[in-house]
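The sequence lines fix the lettering, A, B, ..., with proteins before strands; numbering per chain opens at 1.
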Amino acid sequence: MSLKIYNSFSRTKETFVPITPGYVGMYVCGPTVSGESHLGHARPYISFDVVNRYLKYLGYRVRYVRNITDAGHFEEEGRESEDKVSKKALLEKLEPMELVQKYSNLYHWAMKQFNCTEPSIEPTATGHIIEQIVMIEKIISAGYAYEKNGSVYFDVKKYAANYDYGKLSGRIIEDLLETTRELDGQEEKRDRADFALWKAAPPEHIMRWKSPWGEGFPGWHIECSAMATKYLGETFDIHGGGMDLQFPHHESEIAQSTICNKVAPVNYWMHNNMITINGRKMGKSYNNVIKLTEMFSGNHPLLSQPFHPMTIRFFILQSHYRSTLDFSNEALLASEKAFKRLWEAYEVLQSLPIGAHEDAKDEQLEAKLLKWLLEFDEFMDDDFSTPKILANMFEIAPIINSLKDGLIPEGTLSSSTLLLMKQKFAIFLEDILGLQGMNGPKNAQFEGMIDLLIAIRKDAKAKKDFATSDRIRLQLLELGIHINDEKDGNMSWGRI
RNA sequence: GGUCCUUUGGCCGAGUGGCUAGGCAAAGCUCUGCAAAAGCUUCUACAGCGGUUCGAAUCCGCUAGGGACCUCCA
C-alpha cells in the first residue's frame, strides 16, 4: 500500500515518491498578514496540517515551509488613505510592520486554537528581499524578464514559446495574451500576460527597498519561488495552496523557477477547494467572510452561538479537501454535535479494560471491526480521504458504547482487537487528524468538585431525594455542565 | 466572452460501473423517578432527457441550474 496524491498538474492521482528517500519537502502558501484570517483561510492550513501529520506518521522527515506574506500593499481596512501621506508625524502614520505584527500574532493564535502543527520554517517575504532580487537578476540575464521605468516584468510570451505556460491552471496562452482587461502598469508591459517581478515604488508607497532597478518592492509571485528554492531546493516534493492561487500565482511560480533554476520546481501540486457560503466562495471581494475571531466568539449575524475551533476543524475534515464545502450555521451545529459524540466515544474507548481474551466470541463483529480499522490507513493513502475515516469511526462508536454499557458482553472481542482499536483511534484521531477534546485543560481542583457533586447526587438518588438530585443536575446544566445517568447508576459529565 | 468544475434524501456531506457511506434533523422502541445520554429500528436519494452496458449516482452527449478562475484572493 502506498500513498497516492492527486496532482493538480497532471490532474490524476499519482503514487507519491519523494525525491530524497525518507524526506519530504513541502511548501504551502501562507497568509498575507494585512488583515484577519477568516474561515476560508482555515481550510488550507488545516488540510495541509493533516498532510504534514500523515507524512510524519508514514515515517518521513518533513520540512514544512509555510510563508508569511508581509510585503506589498499594506493598508488597514477602514483606515484613511491619508495615513500614508508623508506629511504626517511618524507615530501618526501607518506603520506597516505594526499591522504585520498584529495580524501575524492573531494568525499564530488561530493556528494554535486549531491545533495546527507549526511549520518547520516560516519565512517572511520582507526577510528575503535579497534572495528575490538575486532571482530576478537571474531571470533577466536568462533573457526572460525586462526592466521598464524601474519595474521588472516577466516575459510570458517568450516563456510560452519554449515552455508550457498555463499547464497547471489549464490556461490557453493565446487567450491570456489577448485579454483586454486594463491593469495597473499595463502600458509598461510588452504583453498583457506579463507579470511583475519587481515594482517601482511610487512616492507614497511606504514599503520600499533598494534594488538594481531603483526603489521598489517585489512582485506578488517571486517571494514563494525564492523562499521555496532557498529552503527546499530547486525541485521539491509538494507545493500546496488554495485552488484560487493556481492562476496566476502558482503558474507564475513555475515559470520563474523554471527559468531561474532550469528545472520545474514542484513534483506534486496540491490544491484545496474553497469554503462557500450560500454556494458562493467566501472571500473579501464578495463581502461574505466570517473571521475566525467571530467564529470563536459567535459574534456574527449568521452565527447562533460560538463555535469551538475543534468543531471547525472537524467540520473541515468531514469533507474532502478537494471538494467545495458549504458553510452554514446549521451545518456547523451538526458538526459540533457529531464531534462531541465521537469524542466521548473515544474517551470511553480509552477507559475500557482490555481483559485477557485470546479469541473473539463474535468473529463476525471482530472481522467487521478489523476491516474498519485497517481502512483508516487505506483511506489516508487515497489522497487523504479524511471523511471516510470519520465515517468508519462513527460505525465503531456504537460498538464502543455498547461495550461500555455491557450490551456487548466482555470477551465478545479479542483483547488484541480492542488494543488495536485504542491505538488506531488515538493515532488517527489525535495524531493525524489533529483533533482534541473540547473540555480544555485538566483542572484537578475543578474536577474534584464535580466529582463531589456527583457523589452527593448519587446519595440523593439512592434515598429517592429527587429534589436534591435534580437541583444538582439542573444547576450544573445552567453552568454549562451536563450530567449523564448511566445504566449501572454511574454518572459522567461534560461541558455543553 | 474564454477555460474549467459542479448538481446526491429535510440539511451537510462520502462515493472506485454491480454490494447500507457517514453525520445532523425527524419518527418509533428499549433503558429510565423525570430529563438527557446510550442502544436498536425507520426515513434508501442521486437535476432533466437521451445514449453506451447484462448492469450507471458513477462513462458519453444534450438541456437546465449553481460555482470557480481569467484582477488581490486560501
Side-chain angles (χ1 to χ4, degrees), chain A residues 11 13 28-32 34-35 37-48 69 72-73 166 169-172 174-176 178-184 193 220 240-249 251 271-276 278-286 289 314-315 318-320 322-328 330-342 344-345 348 379 382 385-395 397-402 404-408 461 464-466 469-470 473-474 477 482-487 489 491-494:
Chain A
R11 282 149 221 271
K13 274 185 205 169
V28 173
C29 289
T32 302
S34 62
S37 299
H38 59 73
L39 180 61
H41 295 118
R43 194 164 197 195
Y45 306 138
I46 290 172
S47 300
F48 290 108
T69 299
H73 294 280
S169 53
R171 236 33 53 151
I172 296 163
E174 286 73 24
D175 294 345
L176 292 172
E178 281 166 20
T179 306
T180 54
R181 197 179 286 271
E182 281 307 320
L183 289 171
D184 184 43
W220 176 32
M243 251 175 198
D244 50 354
L245 295 183
Q246 237 174 37
F247 189 89
H249 187 54
E251 198 70 63
H271 291 98
N272 64 276
N273 214 318
M274 302 292 106
I275 288 185
T276 59
N278 295 322
R280 166 145 249 173
K281 174 186 170 184
M282 188 178 281
K284 218 165 157 182
S285 35
Y286 296 120
V289 302
F314 178 83
F315 171 67
Q318 251 186 322
S319 72
H320 190 264
R322 282 191 291 110
S323 304
T324 54
L325 169 60
D326 201 48
F327 161 86
S328 68
E330 205 188 347
L332 226 40
L333 285 171
S335 285
E336 181 184 81
K337 214 162 170 191
F339 177 57
K340 276 187 180 164
R341 194 163 82 86
L342 182 63
E344 273 171 27
V348 166
F379 291 156
D382 184 18
S385 299
T386 56
K388 289 188 179 177
I389 293 180
L390 291 171
N392 273 19
M393 287 182 172
F394 276 106
E395 295 277 13
I399 295 172
I400 293 170
N401 288 326
S402 296
K404 177 195 171 205
D405 290 342
L407 295 171
I408 297 177
K461 271 188 83 165
K464 299 216 187 291
D465 176 8
F466 297 124
S469 138
D470 286 353
R473 193 187 76 218
L474 294 172
L477 193 64
H482 66 86
I483 289 189
N484 296 337
D485 289 335
E486 293 172 0
K487 282 221 162 9
M491 296 175 196
S492 62
W493 65 276

Taking the [atom1] atom in each of [N] and [M], what is the distance between them to the nearest angstrom?
{"N": "B:C31", "M": "B:C40", "atom1": "C1'", "answer": "11 Å"}
{"N": "B:G13", "M": "B:G48", "atom1": "C1'", "answer": "23 Å"}
{"N": "B:A25", "M": "B:A36", "atom1": "P", "answer": "13 Å"}
{"N": "B:G9", "M": "B:A27", "atom1": "C1'", "answer": "16 Å"}
{"N": "B:U8", "M": "B:G15", "atom1": "C1'", "answer": "9 Å"}
{"N": "B:C19", "M": "B:U6", "atom1": "P", "answer": "22 Å"}

Quick one: side-chain hydrogen bond (donor to acceptor under 3.5 Å, both in side chains) partners of [X], sequence neighbours excluded?
{"X": "A:Arg43", "result": "A:Ser319"}
{"X": "A:Asp382", "result": "A:Lys13"}
{"X": "A:His249", "result": "A:His221, A:Glu253"}
{"X": "A:Ser335", "result": "A:Gln318"}

Residues in salt bridge (charged side-chain N to carboxylate O under 4.0 Å, His left out) contact with [X], at least two apart in sequence or another chain:
{"X": "A:Asp405", "result": "none"}
{"X": "A:Asp326", "result": "none"}
{"X": "A:Lys461", "result": "A:Asp485"}

Could you pull out the protein-nucleic contacts involving nucleotides 57-61 of chain B (nitrogen or oxygen on both sides, under 3.5 Å)?
none

Contact state string [nucleotides 34-47 of chain B, B base, S sugar-phosphate only, - no protein heavy atom under 4.0 Å]: BBBSSSS-------
Protein-to-nucleotide contact annotation, 5' to 3' order, nucleotides 1-17 of chain B [B base; S sugar-phosphate only; - none; under 4.0 Å, heavy atom]: -SS-------SSSS---
Ring-base stacking, A:Phe466 with B:G33 (5.5 Å, 30° cut-offs): yes
A:Ile275 side chain, from C-beta outward: closest of B:A74, B:G22, B:G23: B:A74
side-chain N/O A:Tyr286 vs B:G67 OP1/OP2, d < 4.0 Å: no
Whether A:His38 and A:His41 hold their rings parallel, tilted or perpendicular, with breakpoints at 30° and 60°: tilted
Whether A:Phe314 and A:Phe339 hold their rings parallel, tilted or perpendicular, with breakpoints at 30° and 60°: tilted
Option among A:Glu251, A:His271, A:Gln246 that satisfies the side-chain hydrogen bond (donor to acceptor under 3.5 Å, both in side chains) test with A:Ser169: A:Glu251
Watson-Crick or G-U stems involving RNA chain B, each at least 3 pairs long, distances under 3.5 Å, ordered by first number: B:1-7 with B:64-70, B:10-12 with B:22-24, B:26-30 with B:38-42, B:47-51 with B:59-63
Residues which pass side-chain contact (heavy atoms from CB on, under 4.5 Å) with A:Lys404, listed by chain and number, not counting sequence neighbours: A:Val348, A:Leu352, A:Glu486
